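Worksheet: the structure to be examined is printed underneath.
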Amino acid sequence: MSTEELREEQQFVSGLYARLDALREEAESAVQASLAQVGNGSQARLERDVMVAEQSGLLAAFDTGENGLCFGRLEFRDGRDHHIGRIGIRASDIERTPLVIDWRAEVARPFYLATGHTPMGLRRRRHITSEGRRVTALHDEILDLTDTTRTGHEAADADEVLLAALDSARTGRMHDIVQTIQAEQDRVIRAPHQGVLVVEGGPGTGKTVVALHRAAFLLYAHRELLAKRAVLVVGPNPAFLGYIGEVLPALGETGVLLATIGELFPGVTATGAETPAAARVKGRVEMADVLARALRDRQQLPEPGAPLIVEHDDGELILDWEIAYEARDAARAADLPHNLARPTFAFHVIDALTRQLAERIGHDPYGGPNFLGPDDIAQLGKAVAVSAEVHAAIEQLWPTLTPERFVTEFLAEPVHLADADADAVRRAPGAAWTSADVPLLDEAAELLGVDDSAERARAEARWQREVAYAQGVLDVSYASRTYEFEDKEETDPEGAEVLLAHDIMDAERMAERQEEADHRSAAERAAADRTWAFGHIIVDEAQELSAMAWRLLMRRSPTRSMTLVGDPAQTAESGGVGSWQDILAPYVEDRWEYARLGVNYRTPAEIMDLAAEVPRAAGVVGFEPPSSVRATGVRPWARRVDDLASAVGDVVAAEAPEGGRLAVIAPRALHEELAGKLPDVTAGAEPDLTRAVVLIDPRQAKGLEFDSVVVVEPAWYGTSDLYVALTRATQRLGILTSGALPDALASLLQPRR
């Protein structure tokens, strides 16, 4: 093995980090200098804030390069030689020569795609392994078989770097795979971003991490578009989002919003638990029609013969069925959301009551024309329009509703549902919101609309004041400059033309510059805006989402630019749509692309072979297990025990890996009993995946991976839950039961011959 090659790479990497340190120091100095600026005007503050935001973004990118900054090198037959890294770094601001090329650049693709059969112009591909800033190993692949030059670092196995990464201990956080992206994964990552791409893959195929790398690639390739609109990543639960939360920052991308469905209605936090029956009912697409009918019921009429009596200074006003019916008919004909149609309803009611009042006051008992003229009637109309009693009557018939109030009252008395479904979802006001409620709230918001006319009027007045202020600033500037140059040519000492403020900015543009002072990231603004249209949406475990959840997501993606990843064989939620065609047909018909990941990088062959028997035994249609890329020689085991909690404690004590992670996957009903036997575990708490041992149920285990897994009472699980639980281990799998095993696993208890 050549130490010279290692020394040269270390020298290069050290120089690369020196350049990174210099860039970081420049950015830090720029931030400090900007913060130290004291500007009196809004323009100065705007420029300062923009500079701080830009330089802070650069600092975040530089920080991502601290670990594994350079991990590859491409030597081409034509003499080109490129190092590949997490971020691109140039030799200097003046010299544009790249020191290291961003992994997402097109020239870096041979690092992931080149083979001996299709070398893509490469002579050699080198993998550079580092610890911190120290190069620890080199692995070379010869792709030009006519080249006889050897470095002594040629890899005996082309997958040596990949296998080393797969065998490394888990940390409780998902890591990026930028060093080990495989060809089938690269094709998904770099697929065109317009339209819907479905990425299906069984356990361990890396579909989640591929989707995250796709987000990083799209932000690199379409920065101008997506940085403004942001990318949304939807995950199944908060623990999963915590697990994947470090991947995108490690790739230099922070302009991404990670959220569960339960977090996509601003102002509402879904913390409540839902029964499977309620989730199934709330998730049906028919709920959209149910809510619409329930809302129409809120647009009421007085009973015939029992009008509303409205007190007024000039005598009682009668709001009867006929007046309300005509007003409601006009409001519905406007074809506007409920709250936006309310002014139409109110106008017709006020107009009818005004005519009623005018007829009473101005009536000529001798049959002549009404004594009141148009001005008199207009004054009566104003009095009716500002009457609190009139508006109380209008509110009774056509109430102003918020989504929260409407859904709360609907769930308290769920009309238009069959008795069994109504019983499943009925709950008293004040209960915590659940994830299944959020799509209902979103649907309600669409049906209700927001009457923002008053706010728009205030905003217009505020805008006019800002324009007037800006005009005043410009006038002062103009007067000052006119006085200064009134006896001079309008040129500077070098003869350049002097531009007055009026020449480059009018009052409205100046006011706009002040309006642009919201320096929240696109992701932060999107999180607070229910109507935000994302540039791209990535949905993990997409097969689990209900039809109502898909309505919510499609509203947030009007361009239908989406990446959906999942595995129908792992569908566990009772309200999940499951089929890709069923999910997408209502929105894009058959205009979507499909890609399948067929290689299992996580689950050893011994475990995968066992897990695959579960859906096979259940007769899951179309089931096709992924092919494991490795075997460990360690077979899964199963034991029948009498004292389940003590057995779990003993196994965990013996199996807990050094520096790795172990998961006990058990039915939620057993968590309280088992937690007492496990170190640092509290039943019912959100799992801390960075701890050595965690206790979770199968639904919480989705998308996660651990070195060792102990599955408890597998006979209690459904097919998909059991399949998920069995495929979370990267090294060892054990099963404990106090009773019988499912038929698919029964062979594990048979004595081996």
Side-chain angles (χ1 to χ4, degrees), residues 292-410 412-413 415 429 444-445 447-461:
R293 293 198 299 274
L295 181 58
R296 288 176 71 88
D297 286 350
R298 302 300 299 272
Q299 300 163 359
Q300 297 179 346
L301 303 175
E303 291 294 330
L308 297 181
I309 307 301
V310 181
E311 297 295 333
H312 191 266
D313 292 342
D314 295 307
E316 293 179 344
L317 299 174
I318 308 301
L319 178 48
D320 58 17
W321 184 91
E322 288 79 6
I323 292 175
Y325 178 83
E326 291 181 3
R328 188 181 71 174
D329 197 46
R332 287 179 174 178
D335 198 24
L336 292 170
H338 173 87
N339 288 335
L340 300 185
R342 186 180 187 275
T344 301
F345 179 84
F347 171 81
H348 280 76
V349 169
I350 290 169
D351 188 55
L353 294 180
T354 299
R355 291 196 306 271
Q356 182 184 119
L357 187 59
E359 179 64 24
R360 179 196 305 159
I361 294 175
H363 174 69
D364 182 354
Y366 299 104
N370 194 291
F371 294 135
L372 301 180
D375 291 342
D376 299 320
I377 295 175
Q379 288 301 317
L380 287 179
K382 289 180 181 179
V384 172
V386 299
S387 167
E389 290 76 9
V390 170
H391 281 283
I394 291 171
E395 179 68 19
Q396 181 179 339
L397 300 178
W398 193 292
T400 300
L401 297 170
T402 65
E404 292 89 337
R405 174 187 167 189
F406 174 61
V407 174
T408 294
E409 292 174 353
F410 167 78
E413 190 53 51
V415 295
L447 293 169
L448 294 171
V450 177
D451 184 2
D452 60 352
S453 55
E455 176 57 33
R456 283 189 283 109
R458 287 191 293 270
E460 177 63 23

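Not measured: the values here are computed from a predicted model.
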Which heavy-atom pair separates [X] from [Y] by the least distance, and what is that distance?
X: Ala358; Y: Leu380; result: CA-CD1, 3.8 Å
X: Ala324; Y: Pro302; result: CB-CD, 3.5 Å
X: Arg405; Y: Pro399; result: NH2-CB, 4.2 Å
X: Val310; Y: Ala393; result: CG2-CB, 3.9 Å

From [X] [atom1] over to [Y] [atom2], what is the distance, rounded to the nearest 0.5 angstrom?
X: Gln300; Y: Gln396; atom1: CD; atom2: CD; answer: 7.5 Å
X: Phe406; Y: Asn339; atom1: CZ; atom2: CG; answer: 10.5 Å
X: Leu295; Y: Leu447; atom1: CG; atom2: CG; answer: 6.0 Å
X: Ser387; Y: Ile350; atom1: OG; atom2: CD1; answer: 9.0 Å
X: Leu336; Y: Thr344; atom1: CG; atom2: OG1; answer: 6.5 Å

Subject >> salt bridge (Lys or Arg N to Asp or Glu O under 4.0 Å): pairs with one or both residues in residues 293-312, sequence neighbours excluded >> reply: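 For residues 293-312: Arg298-Glu409.
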Within-4.5 Å side-chain heavy-atom neighbours: [X] and [Y]:
X: Asp376; Y: Ile361; answer: no
X: Arg342; Y: Ile394; answer: yes
X: Phe345; Y: Leu397; answer: yes

Is there a donor-acceptor pair under 3.5 Å between the side chain of [X] and the backbone N or O of [Y]?
X: His338; Y: Trp398; result: no
X: His348; Y: Pro343; result: no
X: Glu395; Y: Thr400; result: yes

Original post:
Arg360: what forms a salt bridge (Lys or Arg N to Asp or Glu O under 4.0 Å) with it, not counting sequence neighbours?
Top reply: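 Listed in chain order: nothing, the list is empty.
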**OP:** Could you go through the side-chain contact (heavy atoms from CB on, under 4.5 Å) check for Ile377 and Thr354 one step at a time?
**Re:** CA-CA 7 Å; Ile377 295 175; Thr354 299; 4.1 Å; yes
**OP:** May I have all residue pairs that pass side chain to side chain donor-acceptor pair (under 3.5 Å) and include part of residues 320-334, sequence neighbours excluded?
**Re:**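 Sorted result for residues 320-334: Gln299-Arg332.
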**OP:** List the steps and the verdict of side-chain contact (heavy atoms from CB on, under 4.5 Å) for Ile318 and Ile323.
**Re:** CA-CA 9 Å; Ile318 308 301; Ile323 292 175; over 6 Å; no
